[in-house]
Number of protein chains: 2
Amino acid sequence: MEIEERSTAARIRDAAIECFGTEGIAGTTARKVAALSGVSPGSVINHFGSMDGLRQACDRHVLAVTRDRKQQAMAAGPNFDILDAIRAAGNPHLLGYLAAVLTDDAPAVAELVDAMVADAEIYLAQGVDSGMLKATADPHGRAVILVLWNLGLLVMHHHLNRLLGADLTNPDFGTSPEIANYLTPIMELYGDGVFTADFIQNARAAMATLAERPNLRDSNETRGTPI
Amino acid sequence: MEIEERSTAARIRDAAIECFGTEGIAGTTARKVAALSGVSPGSVINHFGSMDGLRQACDRHVLAVTRDRKQQAMAAGPNFDILDAIRAAGNPHLLGYLAAVLTDDAPAVAELVDAMVADAEIYLAQGVDSGMLKATADPHGRAVILVLWNLGLLVMHHHLNRLLGADLTNPDFGTSPEIANYLTPIMELYGDGVFTADFIQNARAAMATLAERPNLRDSNETRGTPI
DNA sequence: AGCTGGGTTGAACGTCTGTTCAAGCGAATG
DNA sequence: CATTCGCTTGAACAGACGTTCAACCCAGCT
């Protein structure tokens, strides 16, 4: 289903994206979306069949917009901000919507995340080639972790904002002064890591031991995931 | 309000934690909790006043359990797994509940996250002292990012499981073989970072320039947050 | 044995939900 | 001007929800 921009359906869809983002998925009702887009509740259902259909249309739209912007960004050279394409799309509510839907496992959301990871793998490989990034033993695993770390921060923007005073859902975040609170520790972690070389060596030895002698798994030295 | 363990109220509360985790916050109804705990819907409300009261009781319980376990873990020495205390509490549904509530900004959840960050700051400082961790210019910022990165992965465990085959909500995750898929890239990132020394130097120079000449903020070399 | 009182129940109430549908509207067409 | 047709409406529906409350049960006290 293709939605003509500037049509009533597009207005309803955009209002739904805003509503899903601000009121949450469950807090969004047909009547709220209707009021926000200036139509009747019946019209909302008439255009999208059901509230679930509306939700899926929103997912598809975010996916399409992201793909669209991503192509432009790709042509302009590697970009390391996975959210930049969405931020650049113009609609200030897309990030809020994404933060709201990223937690449940709707198919279109999974597709979007998978696409982000696939793109990140490409960008990261390019970064390695150009000497910007270190090489890795597990390019896929690294891409997954890096993408999910960043999407995770977006999902918990409430906590990030409270603790660091940085609001990722703010459309002007990229040019706000608060970005330093967020960027400084991240750049440090991305640049140097946290663990010292000594500790890493010990931990790798412990993991090798664990691999060949699994019965040691409950020993104190290997318990727990780091941090 | 203190809930005596093994009481009916405790059974209802535990059923609610399970239900909130599996069905989501909005998908949890008084009747479902009643059925799961083997009481009547009226009794659920009678014990907790309202569904919101039940939700708050769950939050308080998770906070109390975490604090309890954390003290024991603290006495046993520094522990770098922020979820370990919860995992060790025995209730296999606590992590699922946490993953469900971490996105909305309920006061008790904020308190729990703040406590985790405060603990992390202590552990990280101890790690620096013992030579396990590198020093940082911003201990608070680093603690926030590290905690939120990990909680973010928990929140998006669906995606992590699909992409890496590692389920953080599995109580036996710490001893499962799939933990390597998750631990390998994370250990690499924590150990070495991603950026090369060259790139970091350039980026720091760019940030310094940006600090003293803010009108350059939209220049291409400084656009976007990394990754 | 008789009484008391907290715990428990299940039916009932009002509200809000998604969804349906007959009626109405206005622009385009003949 | 008359007709048609697609979009829009708002009233109406059934279902699910949180919550209330009179009745009931039963352990523990007098």
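Every chain is numbered from 1, with letters handed out A, B, ... down the list of sequences. Nothing here was measured: the structure is a model prediction, and the numbers come from that model.
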Polar side chain donor-acceptor pair, A:Thr169 to A:Asp167, under 3.5 angstrom: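 The answer is yes; a qualifying pair exists.
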Spacing between [X] atom [atom1] and [N] atom [atom2], to the nearest angstrom:
X: B:Arg31; N: C:dG10; atom1: CZ; atom2: P; answer: 13 Å
X: A:Leu54; N: C:dT17; atom1: CG; atom2: P; answer: 15 Å
X: A:Lys32; N: C:dC16; atom1: NZ; atom2: C1'; answer: 11 Å
X: A:Phe48; N: C:dG18; atom1: CZ; atom2: P; answer: 15 Å
X: A:Ile45; N: C:dT19; atom1: CD1; atom2: P; answer: 5 Å
X: B:Ile12; N: D:dT19; atom1: CD1; atom2: P; answer: 14 Å

Donor-acceptor contact below 3.5 Å, side chain A:Asn181 vs main chain A:Leu164: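 Such a contact is found between A:Asn181 side chain and A:Leu164 backbone.
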Side chains of A:Asn161 and A:Leu168 in contact at under 4.5 Å (non-hydrogen atoms):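 The answer is no, as the side chains (C-beta and beyond) never meet within the 4.5 Å cut-off.
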For nucleotides 7-11 of chain D, which of its nitrogen or oxygen atoms have a protein nitrogen or oxygen under 3.5 Å away, and what is each distance?
{"unit_1": "D:dT8", "atom_1": "OP1", "unit_2": "A:Thr8", "atom_2": "OG1", "d": "2.7"}
{"unit_1": "D:dT8", "atom_1": "OP2", "unit_2": "A:His47", "atom_2": "NE2", "d": "2.7"}
{"unit_1": "D:dT9", "atom_1": "OP2", "unit_2": "A:Ser40", "atom_2": "N", "d": "2.8"}
{"unit_1": "D:dT9", "atom_1": "OP2", "unit_2": "A:Ser40", "atom_2": "OG", "d": "3.2"}

From CE (B:Met116) to OG1 (B:Thr66), nearest 0.5 Å: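 Going from CE on B:Met116 over to OG1 on B:Thr66, the span is 5.5 Å.
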Distance in Å, B:Ile179 CD1 paired with B:Asp172 CG, rounded so as to fall on 0.5 Å steps: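 That separation rounds to 11.0 Å.
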Nearest-nucleotide pick for A:Met51, side chain only, options being D:dC17, D:dT20, C:dG18: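 Looking only at heavy atoms from C-beta outward on A:Met51, the closest nucleotide is C:dG18.
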Residue pairs involving residues 109-124 of chain B (criterion salt bridge (Lys or Arg N to Asp or Glu O under 4.0 Å); sequence neighbours excluded):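 Matches after skipping sequence neighbours: A:Arg162-B:Asp114, B:Arg67-B:Glu111.
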